[in-house]
Asks: 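Dumping the structure here so I can ask a few things about it.
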Amino acid sequence: MRAWSAPDVPALPVPGPPVKIHDTATGELRDVTPQGAARMYVCGITPYDATHMGHAATYVGFDLLNRAWRAAGHEVTYVQNVTDVDDPLLERATKVKVDWIELAERETELFRQDMRALRVLPPAHYVGAVESIPLVISYIERLRDAGAVYRLEDDYYFSVSSDPGFGGVSGYEREEMLAVFAERGGDPERPGKQDPLDCIVWMAERPGEPSWESPFGRGRPGWHIECTAIAQEYLGGSFEVQAGGSDLVFPHHEMCASQSHVGAGAAFAQTYAHAGMVAYDGEKMSKSRGNLVFVSHLRNSDVDPMAIRLVLLQHHYRSDWEWQDAELWSAVDTLVRWRKALSLGAGAPALPVVKTVLDALADDLDAPAAVRAIDDWAALTLGTSGLADNTDPDASRQVHQLIDAALGLSL
Ligand code: 5CA
Ligand code: ZN
């Protein structure tokens with residue numbers, strides 16, 4: 001699948017430090033310095049509705065990891081999927097009487113435009129589930145050959161007990177797993193399963209739904225196996241970082257990890273990074289609840305996408321927070337101030353702020369601290385006192401490049 005076009009990333013005057021990020025599996029900060037290129041897989045959208053602020057926060061959050069790695073001198077191989085066939089997409093297509101392929105293409109295109117407007121660096125491989133069906137089928141065959149897949153009526157399940165490490169990503173107790181599995185697309189109650197937590201890998205054809213030929217009969221892939229197979233194909237085993245929102249910790253990333261252990265004999269990722277949930281009107285912003293603020297609606301009302309991005313940066317990627325319109329207007333004011341400071345040419349010294357921002361990002365993507373450092377620089381530059389003896393003639397140019405390269409804000 002085509003991704004979106006890449007914004008320029010200006011060079012920085014000094015390299016950033018090694019990058020550390022919080023790992024859900026160990027609960028610790030981990031140094032994610034790669035051997036060669038840094039490999040990152042960020043779970044993509046299920047394209048049945050427009051990009052909301054929750055999605056945007058997650059993708060902008062991990063865009064900072066991409067940028068922090070680049071600042072530290074690493075190449076980055078970034079892969080993202082598109083779940084372009086799945087229950088919620090098919091249900092929405094039926095409800096609004098649109099062909100499911102058309103719906104998926106339309107919403108994926110809108111997502112590309114939103115990501116471009118927000119200056120998120122595109123993945124090197126943007127991969128749809130439908131185009132990956134042959135990969136998924138051969139991965140299920142690997143799992144079957146390892147004795148980890150069984151048939152139930154005409155469907156096929158992955159057996160979680162085939163992986164002794166199952167549970168290692170989330171660390172959840174079994175009771176919590178059962179509850180969350182049911183909430184997030186699982187079917188713990190289905191009679192005949194070997195373990196209620198086993199997840200479907202191939203769903204037999206259902207009337208009126210799309211299906212593909214396979215050695216398991218006509219049908220379509222389950223959700224988790226899609227990301228397992230795509231990540232293995234494009235990144236290989238044990239890549240640096242698997243990322244997504246915290247609602248993907250279990251079962252999604254747990255299942256990907258187990259399917260990798262069993263099918264590829266390798267860890268899925270070395271580090272599992274998760275973004276907090278964005279709420280609106282007191283509840284998690286979600287397509288199914290409908291409490292949404294869309295990136296495209298704001299863009300269509302002439303809101304500067306850089307102000308949207310700044311609001312997102314002002315919340316640490318791991319925190320849960322609630323979208324407030326007032327923060328958008330305050331971000332617009334902040335950008336006016338920053339642009340004014342940047343227009344002066346000379347200003348407060350650039351190098352200390354470059355270092356502070358790169359240190360903050362390398363320390364678990366602390367964008368709020370980075371934003372505060374830029375804001376302090378702008379205040380010093382705009383202030384009249386104290387600068388006379390300590391003016392950096394090249395400050396604007398350097399801070400401009402810093403804001404662009406490290407934070408993805410083009411001013
Ligand atoms: N296609 C799957 C992943 S393979 C999926 O979860 N799609 S999604 O469209 O539902 O979500 C896309 C990404 O946005 C996921 O990483 C999800 O965790 C994240 N996300 C969804 N809602 C929110 C929210 N309210 N706040 C923060 N992130 C969110
Ligand atoms: Zn995924």
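FYI, side chains are in, hydrogens and waters are out, and symmetry mates aren't considered; it's all heavy atoms of this structure. Just so you know, ligand 1 is whichever comes first in the structure, and atom 1 is the first atom listed for that ligand.
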Asks: Is the CG atom of D31 crowded by more than 12 outside heavy atoms at less than 6.0 Å?
Replies: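 Result for CG/D31: enclosed.
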Asks: Of the listed options (G44, G54, A57, G244), which comes nearest to atom 27 (C) of ligand 1 when hydrogens are ignored and any heavy atom counts?
Replies: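 Going through G44, G54, A57, G244 one by one, G54 has the nearest heavy atom to atom 27 (C) of ligand 1.
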Asks: Which residue pairs satisfy the side-chain hydrogen bond (donor to acceptor under 3.5 Å, both in side chains) criterion with at least one member in residues 399-411, sequence neighbours excluded?
Replies: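 Every pair satisfying side-chain hydrogen bond (donor to acceptor under 3.5 Å, both in side chains) with a residue in residues 399-411: R119-D404.
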Asks: If you measure from the Lys or Arg side-chain nitrogens to the Asp or Glu carboxylate oxygens, is any gap between R220 and D87 under 4.0 Å?
Replies: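 Looking at R220 and D87, the cut-off is met.
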Asks: Have a look at ligand 1 and work out which part of V278, if any, has a heavy atom under 4.0 Å from it: side chain, backbone, both or neither.
Replies: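 Contact part for V278 vs ligand 1: both backbone and side chain.
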Asks: Could you list which atoms of ligand 1 come closer than 4.0 Å to a heavy atom of L248?
Replies: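 Matching atoms, with element in brackets: 6 (O), 15 (C), 16 (O), 18 (O).
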Asks: Ligand 1 and N81, any nitrogen or oxygen pair closer than 3.5 angstrom?
Replies: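 No.
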Asks: Could you list which atoms of ligand 1 come closer than 4.0 Å to a heavy atom of C43?
Replies: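 Those of ligand 1 that fall under 4.0 Å from C43 are 3 (C), 4 (S).
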Asks: Do me a favour and list the nearest non-hydrogen protein atom to atom 17 (C) of ligand 1 with residue, atom name and distance?
Replies: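 Ranked first by proximity to atom 17 (C) of ligand 1 is D247 OD1, 3.5 Å.
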Asks: Does K193 NZ have over 12 foreign heavy atoms under 6.0 Å away?
Replies: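 Buried by this count: over 12 neighbours within 6.0 Å.
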Asks: Using a 4.0 Å heavy-atom cut-off, say whether H52 meets ligand 1 through its side chain, its backbone, both or neither.
Replies: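 Side chain only; the backbone of H52 stays clear of ligand 1.
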Asks: I'd like to know if E109 pairs up with R112 as an ion pair, taking the criterion as any Lys NZ or Arg NE/NH1/NH2 lying under 4.0 Å from an Asp or Glu carboxylate oxygen.
Replies: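 Counted as a salt bridge, because a side-chain N and a carboxylate O are separated by less than 4.0 Å.
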Asks: Can H253 and Q242 be counted as having a side-chain donor-acceptor contact under 3.5 angstrom?
Replies: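 Side chains of H253 and Q242: pair found under 3.5 Å.
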Asks: Under a 3.5 Å distance rule, please check whether H125 uses its side chain to pair with a backbone N or O of V127 as donor and acceptor.
Replies: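 Pair absent, no side-chain N/O of H125 close to backbone of V127.
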Asks: I need the contact type for H252 against ligand 1. Using non-hydrogen atoms and a strict under-4.0 Å cut-off, is it side chain, backbone, both or neither?
Replies: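 Side chain only.
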Asks: What protein heavy atom sits nearest atom 20 (N) of ligand 1, and how far off is it?
Replies: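 Ranked first by proximity to atom 20 (N) of ligand 1 is H55 CD2, 4.0 Å.
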Asks: Are D154 and R151 within salt-bridge range, i.e. N to O under 4.0 Å?
Replies: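 Answer for the salt bridge query: yes.
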Asks: Short N/O distance, under 3.5 Å, between S246 and ligand 1?
Replies: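 So ligand 1 has no N or O lying under 3.5 Å from an N or O of S246.
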Asks: Can you name the atoms of ligand 1, numbered from 1 with element, that are less than 4.0 Å from a heavy atom of T83?
Replies: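 Near T83, meaning under 4.0 Å from one of its heavy atoms, ligand 1 has 1 (N), 2 (C), 4 (S).
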Asks: Among the heavy atoms of C227, does any lie under 4.0 Å from an atom of ligand 1?
Replies: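 Judged by the 4.0 Å heavy-atom criterion, C227 does count as contacting ligand 1.
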Asks: I want to know if ligand 1 touches T46 in the polar sense, i.e. an N/O pair below 3.5 angstrom.
Replies: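 Looking only at distances, the answer is yes, because the N/O contact criterion of under 3.5 Å is met.
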Asks: Decide whether an N or O pair under 3.5 Å exists between T58 and ligand 1.
Replies: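 Between T58 and ligand 1 (N or O atoms, distance only) the closest approach is under 3.5 Å.
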Asks: State if G276 counts as touching ligand 1 under the rule of any non-hydrogen atom under 4.0 Å.
Replies: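 Right, G276 reaches ligand 1.
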Asks: May I ask you to check whether G245 has an N/O atom sitting below 3.5 Å from an N/O atom of ligand 1?
Replies: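 Yes, at least one N or O pair falls under 3.5 Å.
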Asks: CZ of R116: more than 12 outside heavy atoms within 6.0 angstrom?
Replies: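 Not buried by this count: 12 neighbours or fewer within 6.0 Å.
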Asks: Could you verify whether a donor N or O on one side chain and an acceptor N or O on the other, from D187 and Y157, lie under 3.5 Å apart?
Replies: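 Y157 and D187 do have a side-chain donor-acceptor pair below 3.5 Å.
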